[in-house]
Amino acid sequence: MINWDEFEHIHVIKKLKEILSSWWNIDIVFTNEQGQLKGMAPQSVKFCNPAVSALLTKNAASENLTDLVSKTLEELRHSEHRYSIRKWDPAGYDLAIVPITIDNDFMGSVVAMGFLNSSDSASNRLNEVRERLAAFGASEQVIDKAISTIKFIENQEHSHFLELVELVAQEVITLHLEITTRENRIKELNKELGSRYKYDNMIGKSKPMQSLYSLLDKIKHAGSTVLVQGENGTGKELIARAIHYNSDRKDKPFVIQNCSAFNDNLLESELFGHVKGSFTGAVKDKKGLFEMADKGTFFLDEIGDTSPTMQVKLLRVLQEGTFIPVGSTEMRRVDVRILAATNKNLKEMVEQGTFREDLYYRLNVINISVPPLRERKEDIPLLAEFFLANSQKNESNVRKALTKRALEKLYDYSWPGNVRELQNEMERALVLSGAESKITADMLSPKVLEANEKGKVQGARVHGRLKDALEDLEKEMIKVGLRRTGWNKSKLAKELGISRAGLIMKVEKYGLDKRKMLKG
Ligand SMILES: Nc1ncnc2c1ncn2[C@@H]1O[C@H](COP(=O)(O)OP(=O)(O)OP(=O)(O)O)[C@@H](O)[C@H]1O
Ligand SMILES: [Mg+2]
C-alpha cells in the first residue's frame, strides 16, 4: 500500500505543488483508489485557495469528493483517457483527476482543484461558486479571496498544468517503488542476518558483524596477538575488551595504553616502569603497565603512532616477553597477551618505511578489520534503539522511538564518524526531543538531514518564466533519474512517462550524457 504521508515531504512534489499554486492557483490533494483523501489532514496543509481547505474540512464536501473521484476512477479504468476534468459541486468549481497507476492497478489519484473551465460563461460560474461556498458556511472573506484568485483555464491550456499534475502522480509511483524496493531489501537482509545481535556490549546483526562474532569465538582462548584495524569510532576498543573478557585471562588485569598520548620518554616509563633516580622526578621505583598486566591482557591503542625507538622495544616484548625498566639493567619477564589497534593503514606504513615490518608481522598474527558503519547499514536501527534505550535507562520516562522518516534519514547518511557519531547523534536527539515521545526527523542534526536531500531535486524556481522553471525541473529529474537507474534510459523513460526517443532528445538538449555527467 502507498504510504501517503511520505510524499508531502518529498522535495520534487513540494516544488511541483508550489509551481501549480503560483502559476495556476491550483491546489492538489491525494486520494486512495476509493477516492478517500490521503496524506496530511486538510487543516494542517496550507492551501493557496482558502476555500479548498475550508471545504475539505467539511465532511459533506469531502464525502462528495470521495464519491466523485471513485466514480471518475471507475470510468477512467474503462477508457483511454489519462485524466478527467469534473465539476466539484459543493464548491462550484472544477477539478482534474489523474489516476496513480502501478502495473495497471489504480493505487489512488492526484486531484488538482480550484480552477474554472473558461469555456463556460464567466460571471455565471463565479456567482455559482459564491453561492455554493456560502451554502457551505464559508466566510465572506474566504469567498472573496477565492473569487478574486480563481483562474479560468482555457481548454487548450489544460495540457500544460495537467502535465505537472501527471508528473506528481509519476513521482509518487517512482518513490513508492523505490521505497518498496528498499523495504524489501531490508526484509531480505534481515532474513539473511544471523540470530546473534549482540556480543558482550557490541551490537549488530549484519553479516560483517556475524563473521566478527564467530572470529571472536575462535580466537578468544587462543592467547595470540590480535591487531584490530578500522576507522574512527568503529568499536575497536569494544572488540579488545570483548576479547579479554571472554578469554581465560578475564579475571586478570585488562590494561590499556594509548600510544599516541605521550612523548617517547614518558611512554617508555609508563609501559616498562623505571627505577628510582633514573631521571629527574623519578623519586622511587615505579612499576610499568606491562608488569601490571602480567597474566592479563595489554591493549596497545593507536599503535600506528609509536616512534621507531618505541617500536624496537615493543618488538622485544612481543618476541621474548622481556623488557628493561628505564634506568635499570635488569631484564624483566612478563606473560601478557597483546592486543593492538589503529585506524592507520599499517601495511602502507610498512611499505613507506614508517612502521617496522617485523613488528607488523608480530602484531598481525590475527587480524580483525572492523567494517565502517556505512558498510553495515542494516545495523543502524538496532544501534540507534540501543543508544536511545541506554541513555534513558536512568530516567523514569517511557522509552522513545524513532519515527520511520527519522530512521530513513539515519539510513541515508554516510556516518564518517561511525558508531560513535551515531551514538552522539542519538544523545543529541534525546535532548532536543524534550518531553516528546517520538524522535522525529527534525530533531536530527543538519548534516544528517542534508545528506538525505542530495540526489533529490534542489531548489526548482517558482519565479521567473514558467518555461525556464519547468525546464529546470525536467533537467533535474532526468539527471537524478539517470544516476538512479544507472543510465538505463528505457527504464527511466518508462518511469517518466515519455518515450525513449523523447528522453534521448532531452538528454542531448540538457547535455546530460554519461561522460559529461561523470566528469562534472
Ligand atoms: N557494535 C557496537 N555496539 C554498540 N556500541 C558500539 C559499537 N561499536 C562502537 N560502539 C560505541 O561507539 C563508541 C566508539 O567505540 P570505540 O571507542 O570502541 O571505537 P574505536 O574504534 O576505538 O574509536 P577510535 O578510533 O576513535 O579510538 C563507544 O562508545 C562504543 O561503546
Ligand atoms: Mg579507540
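Counting starts at 1 for both ligands and their atoms, following the listed order. Atoms considered below: every heavy atom in the structure, side chains included; atoms not considered: hydrogens, waters and symmetry mates.
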Salt bridge check: are E291 and R332 linked by an N-O gap of less than 4.0 Å?
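Salt bridge flag = yes for R332 with E291.
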
Give a yes or no on whether a salt bridge exists between D305 and K344, defined as a side-chain N under 4.0 angstrom from a carboxylate O.
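Salt bridge between D305 and K344, a charged N being under 4.0 Å from a carboxylate O: yes.
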
Output all residues satisfying salt bridge (charged side-chain N to carboxylate O under 4.0 Å, His left out) with K38, sequence neighbours left out; order by chain, then residue number.
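Listed in chain order: nothing, the list is empty.
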
Contacts of H176 that satisfy side chain to side chain donor-acceptor pair (under 3.5 Å) - sequence neighbours left out
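Side chain to side chain donor-acceptor pair (under 3.5 Å) list for H176, sorted by chain: empty.
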
Could you check whether the rings of F290 and F298 sit parallel, tilted or perpendicular, using 30° and 60° as the cut-offs?
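Answer is perpendicular, since the angle exceeds 60°.
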
Please list, by chain and number, the protein residues whose heavy atoms come under 4.0 Å of ligand 1.
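Ligand 1 is contacted, at a heavy-atom distance under 4.0 Å, by N201, M202, I203, M209, E231, N232, G233, T234, G235, K236, E237, L238, E302, L383, F386, F387, V419, R420, Q423.
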
What pairs of residues pass the side chain to side chain donor-acceptor pair (under 3.5 Å) test when at least one of them lies in residues 320-329, not counting sequence neighbours?
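Output for this query is empty, none listed.
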
